[in-house]
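The next block holds one structure in the form of structure tokens; read it before the comments.
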Amino acid sequence: MTQIKDMKDIVALCKRRGFIFAASDIYGGINGFWDFGPLGTELKNNLRDRWWKDMVLCPPIGPDGTPVEIVGVDSAIIQNPKCWEASGHVGGFNDPMVDCKESKKRYRADHLIVYLPKSYDPEMDGALLFPCFDKDETPEDVEKRLKKLNLRSDISQYEVISFVDIKTWAYTNPNDDYGISHPKNYCEQYKIDELVRIPDSHKILRDRIIGPDTKTVGTLGEPRMFNMMFHSYAGAAAGEENKVYLRPETCAGIFLNFKNVVDSSRVKVPFGIAQIGKAFRNEVTPRNFIFRSREFEQMELEWFCEEKDVPMWFDFWVEQRKRFWESVGVPLNKLHFLDVPKEELAHYSSRTIDFEYQFPFSGEGYDELEGIAHRGNFDLTQHQEFSKTKLEYMDPQDPKNRYLPHVIEPSSGLTRGVLALLSEAYTVDDSRPSGVYMNFTPEMAPKKAAILPLTAKDDHVPLAQKLYLELREEFVVDLDIKQNIGKRYARQDEIGTPYCFTIDNDTINDQTVTVRERNTMAQERIHMDKVKEFLHEKMRAGASALKKAA
RNA sequence: GCGGGCGUAGUUCAAUGGUAGAACGUCAGCCUUCCAAGCUGAAUAUGCCGGUUCGAUCCCGGUCGCCCGCUCCA
């Protein structure tokens, strides 16, 4: 039977059962932000804790047969703003964009160039027009289009100016011999004395520009800055001098503490530093539930190693990360491993592999869940330069050998991981009363078990309470007394509780309870004293499957 | 941010220029010895702001949010 998983249904279930709510729901929500409810919080914590355990508490066995060395940090969300200049985010995340009313396209304003005729001849040029092109356009294509637009087709007769500089140019060079020639003519034509007197002179110029994909003038709007980074002001006075940024990724905090960790933690290359935390991006279009939100959580490892060992460690981490996702309930056959093509790699990366999952909204495609990148020693180099602090690592065997280690970065989205777990677990089953159940692994399930007295009368309730109090010391469990047993099973199915322990009359006589398994709905009886052990064994199943694969 | 579609209980849907109904869910009670049974009862909705109108959930504008496409992206 083909299961149709609809994102809408998953979102509805998440709200109905308390996994995830729209942030500020009672105020009508706020785009790009989500709140985790009681069950969502448990689920997220389970995934987070498991990652931390696999990375920091019980890191994997390395190629040499001994466990690799990884330590954790938890850095501030706000750091010295210079840090984001070093990382390239202040430059790279602030792109001026411009929209075209006609072609409905959006362009990077700094990628557009405007062609200005070096001299204006009313006979030849007619109305003064400034055709605009993408900077990567070939001269041949430019000339072709100029001809089509009935303009001079000889490129040498034009000056070229960046679209973003038009405002500056119009205001600052009004009397420039070269700069004024066009606007001056334009002004004469419209009986305007001086360009500088017109408050919106740049706008008038802009009104004569022909967008890259149109034939008409004035369809390009004002360029606007897209600040991908959220900012705030540290201190009471709000001014540029104390402007700070909310981190757009967690990894910077690791690099900033590289030296502190090396100096304080007796780690030796190769080693890793791990961090889990919130990051913030002012996404243009938050979409697809919690997949692209403006506040999200990342789990990142920076693995520091010698350059010569990069290929070995890269493969090692790809393998480890595959096992991780498999063991938390995302089968490898649901993942797509994309060796990012050279031309799409970040400038500092020589190799990146994206783990992509087919989310319900992905259609035939896949969307990124985790990325493993070789970042070279770009980050440490940058921070060393910008901070003027030596970050070189000293080889303990050879104190003369100082170097900036290379980095392999397995970076996964915790928020996206939760969405993958939800999507993967959501299982339509018309044969059962709930119509759907959440097939979480026992380890990831927000509730490990429910304790259900078969009836709310007689002696079932006290026995159930006793079992509940015992179990809750070690597991997240529910005690549910009210309503008929079928309703309660159904409710547990919908929240993905793998086991229900039911107390009935036999329990009073022989201290056995029925275990009802979520996926099969099969039942067996076990002794009350064995329940803890039973659950422990099931919880370990994920971890042992991981070991088996190793 | 642009274009298109949409906004009614917790969920899924009805209805109307004269103040809203259902199903399921939730809660309470009865019943009940294993899968949302049955019976009784209860609570809960026209996203928000403004305009037109005697009167707006319905028409108009704005705003917020959701979905699709563009763009962007962990």
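Within every chain, numbering begins at 1; the chains are lettered A, B, ... in the order of the sequence lines, protein sequences first and strands thereafter. Computed from a predicted model, the values in this text were never measured in an experiment.
Residue Ser293(A) is in base contact, counting any heavy-atom pair closer than 4.0 Å across all strands shown. When heavy atoms are screened at a 4.0 angstrom cut-off, Ser411(A) is found touching no nucleic acid atom at all. Within 4.0 Å of Arg294(A), counting heavy atoms only, lies no atom of the nucleic acid at all. Note on Glu300(A): nothing from the nucleic acid sits closer than 4.0 angstrom, heavy atoms only. Residue Glu249(A) is out of contact with every strand shown, counting any heavy-atom pair closer than 4.0 Å.
To the nearest angstrom, C1' of C66(B) lies 9 Å from NZ of Lys8(A). Between the CZ atom of Arg488(A) and the P atom of A37(B) there is a distance of 12 Å, rounded to whole Å. Atom P of nucleotide C31(B) and atom NZ of Lys487(A) are separated by 16 Å, given to the nearest angstrom. Note: CZ (Arg247(A)) to C1' (A74(B)) measures 13 Å, nearest angstrom.
Side-chain contact annotation: Tyr245(A) with Ser232(A), donor-acceptor N/O pair under 3.5 Å absent.
The base of C34(B) lies close enough to the side chain of Thr514(A) for a donor and an acceptor atom to sit less than 3.5 Å apart. Counting atom types as modelled, Arg287(A) pairs no side-chain N or O with a base atom of C67(B) as donor and acceptor under 3.5 Å.
Taking the six-membered ring for Trp and thresholds of 30 and 60 degrees, Phe361(A) and Phe359(A) have nearly parallel ring planes, at less than 30 degrees apart.
Two residues are said to be in side-chain contact when any heavy atoms from C-beta on lie closer than 4.5 Å; Pro360(A) and Asp6(A) fail this criterion. Put simply, the side chain of Phe534(A) reaches to within 4.5 Å of the side chain of Phe501(A), judged on heavy atoms. Side chains of Phe337(A) and Val318(A) form no contact here, defined as non-hydrogen atoms less than 4.5 Å apart. Within the 4.5 Å cutoff, side-chain heavy atoms of Val513(A) are placed close to those of Ile526(A).
Picking from C66(B), G65(B), A74(B) the nucleotide with the shortest atom distance to the side chain of Ile30(A) gives G65(B). Of the listed nucleotides (C34(B), A74(B), G29(B)), G29(B) has the atom at the smallest distance from the side chain of Lys482(A). Ranking G65(B), C35(B), A37(B) by closeness to the Asn31(A) side chain, first place goes to G65(B). Considering only the side chain of Lys15(A), U11(B) comes nearest among C68(B), U11(B), A37(B). Each of G25(B), C72(B), G1(B) was ranked by its minimum atom distance to the side chain of Arg17(A); first place goes to G25(B). The side chain of Gln483(A) sits closest to C27(B) out of C27(B), C34(B), A37(B). The side chain of Ala456(A) approaches U32(B) more closely than any other nucleotide in the set C72(B), U32(B), C35(B). Nearest nucleotide to the side chain of Arg491(A), out of C27(B), G65(B), C35(B): C27(B).
Taking every heavy atom of residues 348-358 of chain A and every atom of RNA chain B, no pair lies under 4.0 Å.
One P atom belongs to C2(B), the other to C54(B), and the distance between them is 35 Å to the nearest Å. G17(B) and C58(B) have their P atoms separated by 11 Å, with the value rounded to a whole Å.
Ring stacking is absent between Tyr489(A) and A36(B), as the pair misses the limits of under 5.5 Å between centres and under 30 degrees between planes.
Trp34(A) pairs in a ring-ring contact (aromatic ring centres under 6.0 Å, His included) with only one of the listed residues (Phe21(A), Phe289(A), Phe19(A)), which is Phe289(A). Residue Arg525(A) is tested with Asp504(A), Thr514(A), Asp510(A) for a side chain to side chain donor-acceptor pair (under 3.5 Å); the sole match is Asp504(A).
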Report summary line: Given Watson-Crick and G-U pairs under 3.5 Å, RNA chain B in dot-bracket ([ ] crossing, | other strand) is (((((((..((((....[..)))).(((((.......)))))....(((((..]....))))))))))))....

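OP1 and OP2 of C35(B) both lie 4.0 Å or more from every side-chain N or O belonging to Arg432(A). Put simply, Asn484(A) has no side-chain N or O that comes within less than 4.0 Å of OP1 or OP2 on A36(B).
Comparing Thr285(A) and Arg16(A) against RNA chain B, the residue whose closest nucleotide sits nearer the 5' end is Thr285(A).
Because its glycosidic torsion is more than 90° from 0, U57(B) is reported here as anti.
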